Amino acid sequence: MIDLILMQRVDKLGQMGDRVTVKPGYARNFLLPLGKAIRANKANLEKFEENRAQLEAQNLKRREEAERVAERVENMSVIIIRQAGESGSLYGSVSGRDIADACKEGGLTVNRQQVLLEEPIKTLGLTTIRVELHPEVVIPVIVNVARSVEEAARQARGEEPIREEEPTLEAELAAELGAAARD
C-alpha cells in the first residue's frame with residue numbers, strides 16, 4: 001500500500017489535502033500520472049502545507065468556472081447518428097470519445113476522460129450520461145442515438161422510432177412468384 005496526498009477531490013477516495021492509502025497500481029497508473037495525488041513523504045507534506053492556500057484558491061477558481069459552464073449548457077442534448085438493425089441494436093457502439101466529439105459540436109469542449117460512461121451505448125434511444133467538468137461539478141447530458149436526424153427528432157418528442165414494416169403475406173407471395181418467374 002502507498003500513502004498519498006490528494007491534490008484534488010477524487011470520487012470514493014477523498015477531498016483535496018486528504019492523506020490516503022491506496023494500492024500501488026492505482027497510485028502508479030492513475031493518481032500520480034494524472035496529478036491527482038503526490039506521494040506522502042516529508043518533503044511533499046511540507047511543500048503541500050506551504051502551498052495549500054494557493055492550491056485551494058486555484059481549485060475554487062476552477063470549480064467556479066466549471067459551475068458557470070454548467071449553467072450555460074444546462075439540459076444539453078447531443079445527437080449521434082449510427083447504423084442499427086431492425087431491433088434497434090447498433091452495429092458497434094457509442095463510446096465516450098463519440099460523446100465528447102458530439103459535445104464539442106454542441107459547444108461544450110470536453111475530452112473523453114470527462115465523459116463518465118458506465119458502459120458503451122449499444123441501442124437506439126435516449127440515454128442520460130454524466131460529464132465531469134471539475135471533480136466537484138458533474139452535469140447530465142442527454143445522448144440521442146438514432147439512425148437519422150428525423151428519427152432523433154421523433155425520439156426527442158418521446159415517440160418510438162419507426163421499425164421497418166414486417167412483410168405482408170401478399171408481398172411474400174409476390175416475391176415468391178417473381179422468383180419463380182425468373183427461374
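Given the structure is predicted, the values throughout are model-derived calculations rather than measurements.
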Leu6 and Ala37 have their tightest heavy-atom pair at CD2-CB, 4.1 Å
Verify the cluster assignment for Ile2 and Phe48: are they in a single hydrophobic cluster under the rule of side-chain heavy atoms below 4.5 Å apart?
no
Kindly indicate, with the supporting measurements, whether the criterion side chain to side chain contact (heavy atoms under 4.5 Å, CB included) is fulfilled by Val141 and Cys103.
CA-CA 9 Å; Val141 174; Cys103 286; 4.3 Å; yes
With side chains defined as the heavy atoms from C-beta onward, is the minimum distance between Ile139 and Val73 less than 4.5 Å?
yes
Could you walk me through whether Arg82 and Asp98 pass the side chain to side chain contact (heavy atoms under 4.5 Å, CB included) check?
CA-CA 11 Å; Arg82 287 285 188 269; Asp98 299 324; 3.0 Å; yes
Could you measure the distance from the CD atom of Glu105 to the CD1 atom of Ile79? Nearest 0.5 Å is fine.
10.5 Å
Could you tell me the separation between the CG atom of Asn144 and the CD1 atom of Ile81, rounded to the nearest 0.5 Å?
7.5 Å
As an exercise, state the distance from NE2 of His134 to CD of Glu67, rounded to the nearest 0.5 Å.
8.5 Å
Testing the basics here: between Glu132 and Leu116, what is the closest heavy-atom pair and its distance to 0.1 Å?
CB-CD1, 4.0 Å
Do Val137 and Leu13 share a hydrophobic cluster, counting only Ile, Leu, Val, Met, Phe, Trp and Tyr and linking them when any side-chain heavy atoms are less than 4.5 Å apart?
no
Spatial distance of atom OG (Ser148) from atom CD (Gln83) [nearest 0.5 Å]:
10.5 Å
Output for pair (Met76 CE, Leu108 CG), nearest 0.5 Å, gives 5.0 Å
Side chain to side chain donor-acceptor pair (under 3.5 Å) with Glu136: which residues, sequence neighbours excluded?
Arg63
Would you say Asn51's side chain and Gln54's backbone share a donor-acceptor pair under 3.5 angstrom?
no
Distance-only check: which donor-acceptor pairs under 3.5 Å involve side-chain atoms of residues 15-34, not counting sequence neighbours?
from  : atom 1 : to    : atom 2 : distance (Å)
Asp18 : OD2    : Gln15 : N      : 2.8
Thr21 : OG1    : Asp3  : OD1    : 2.6
Asn29 : ND2    : Gly25 : O      : 3.1

The criterion is side chain to side chain contact (heavy atoms under 4.5 Å, CB included); which residues satisfy it with Ala102, sequence neighbours excluded?
Val78, Ile80
List the steps, then state whether side chain to side chain contact (heavy atoms under 4.5 Å, CB included) holds for Arg9 with Asp11.
CA-CA 7 Å; Arg9 180 182 179 278; Asp11 271 347; 2.7 Å; yes
Qualifying residues under side chain to side chain donor-acceptor pair (under 3.5 Å), relative to Arg72, sequence neighbours excluded
none
Residues Glu49 and Arg52 bridged, charged N to O under 4.0 Å:
yes
Identify the two heavy atoms, one from Val115 and one from Gly96, that lie closest to each other, and give their separation to 0.1 Å.
CG2-O, 3.8 Å
Using the rule that Ile, Leu, Val, Met, Phe, Trp and Tyr join whenever any side-chain heavy atoms are under 4.5 Å apart, tell me whether Leu133 and Val143 fall into a single cluster.
yes
Set out, in order, the CA-CA distance, both residues' side-chain angles and the distance that settles side chain to side chain contact (heavy atoms under 4.5 Å, CB included) for Lys104 and Val110, then state yes or no.
CA-CA 7 Å; Lys104 285 179 187 167; Val110 294; 5.6 Å; no
All N/O donor-acceptor pairs, side-chain side in residues 118-131, below 3.5 Å, sequence neighbours left out:
none

Gln113: side chain to side chain contact (heavy atoms under 4.5 Å, CB included) partners, not counting sequence neighbours
Asn111
If you look at every heavy atom in Ala84 and Leu90, which pair is closest and at what distance?
CB-CD2, 4.0 Å
Distance (rounded to the nearest 0.5 Å) between Glu56 CD and Asn59 CG
8.0 Å
